[in-house]
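So the structure is just underneath, and the comments pick up after that.
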Amino acid sequence: MPISIEQLEKMITENRSHTVLGNTAQYIPALAKQDPNLLGISIMCPNGSLLNAGDSQVSFTLQSISKILSFISVCQEYGLEYVLEKVDVEPTGESFNSIIPFEIHRPGKPFNPLINAGAITVSSMLPGTTTDEKYEQFTSFLQKLIGAPLAIDEEVYQSEWRTAHRNRALAYYLKESNLLELDVEDALDIYIRQCSIKISLQDLAKIGLIIAYNGYDPIENKQLFDKEIARIAKVLMVTCGMYNASGKFAAYVGVPAKSGVSGGILASVPPKWLPETHELQPGYGIAVYSPAIDASGNSAAGTMLLKQLSKVFDFSIF
Ligand code: GLN
């Protein structure tokens, strides 16, 4: 990507005004308190260099971005076939925490692992028997990707735990359908713990790069998860990663991505052949943070920034 920091900073300035199109997540009090004016980006290149612009020295909780990572981690441990017995790979067209799709198709499985019902199911399948063991396994998987340990934001965890009424209701539905490998409270605990893990933009961009390279870390020269799992993960990110705005995101940005209600977006730009020049455009990992989210639960200014970036640098895969 022939992009300069100056260009990126200019885009940040142009897109910062879009923060007014959203609001911080109000249903989790600790997230509601975030500064809605922040906008930052970090791009990780396959040679290990980083481009940072705007409010890039921030860390924030993974929230729903964790869902694609727990899916990859459980698939890597038990195989895709086993996981896809419990969750499907279909978009819903409903909001991420809706009970409707699950209720209509009872006793079916959740539509996909990126809605809350699917993610709670997958979290309960993380390797280990206790929630502590499952959490350890998940964070050691993340540590393999970014090379450093991660920790929970205790305030966000507590805040989410106290207000998780809807997720608790979903977990009871899942329990009734025999989809949970834990009891309701433990399943919620591991799910909320994974959502409350704090990450920097730079570490998130590194994860985006590894997904773009099909589980291969081009900096460390290591295959960290299977290509076939990465392929399904990217399909899920394109079809469901931005919830019921996934269609528009695919149309205007055109790369696999996953958002979270804290205002983070993880995007993976896979390498692509440019037929006119027969050159390979290398892939990138992109992480964006701007905590004012829109009605679909996606960062408002973050989405607009990615849209502009995709147009200028023509990185859509479609
Ligand atoms: N922890 C959040 C919830 O369960 C995650 C949702 C999201 O980021 N979209 O509501």
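Note that ligands are numbered from 1 as they come in the structure, with each ligand's atoms numbered from 1 the same way. Side-chain atoms are counted along with the backbone in the values below, which use heavy atoms only and exclude waters and symmetry mates.
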Protein heavy atom at shortest distance from atom 9 (N) of ligand 1: Ser64 OG, 2.8 Å

Note the single closest protein heavy atom to atom 2 (C) of ligand 1, along with its residue, its atom name and the distance in Å. Gln63 OE1, 3.1 Å

Just heavy atoms, cut-off under 4.0 Å: does [X] contact ligand 1 by side chain, backbone, both, or neither?
X: Glu160; value: side chain
X: Asn97; value: neither
X: Asn167; value: side chain

Going by the closest heavy atom to atom 4 (O) of ligand 1, which one wins out of Tyr191, Tyr157, Tyr27?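 Heavy atom nearest to atom 4 (O) of ligand 1 belongs to Tyr191.
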
With a 3.5 Å distance limit and no angle check, can you tell me whether Gln223 reaches the backbone of Phe225 through a side-chain donor-acceptor pair? yes

State, without any angle test, whether [X] and [Y] hold a side-chain donor-acceptor pair at a distance under 3.5 Å.
X: Lys307; Y: Asn15; value: no
X: Gln34; Y: Tyr289; value: yes
X: Gln26; Y: Thr24; value: yes

Can you sort out the partners of Thr92 under side-chain hydrogen bond (donor to acceptor under 3.5 Å, both in side chains), two or more places apart, ordered by chain and number? none

Which ligand 1 atoms, with their elements, are less than 4.0 angstrom from a heavy-atom of [X]?
X: Asn116; answer: 3 (C), 4 (O), 10 (O)
X: Tyr243; answer: 7 (C), 9 (N)
X: Gly260; answer: 8 (O)
X: Cys195; answer: 1 (N)

Just how far is it from atom CG of Leu182 to atom CG of Asp189, taken to the nearest 0.5 Å?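 It comes to 9.0 Å.
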
Start with the C-alpha distance between Tyr135 and Ile197, add both sets of side-chain angles, then the distance that settles side chain to side chain contact (heavy atoms under 4.5 Å, CB included), and finish with yes or no. CA-CA 10 Å; Tyr135 176 74; Ile197 292 172; 3.9 Å; yes

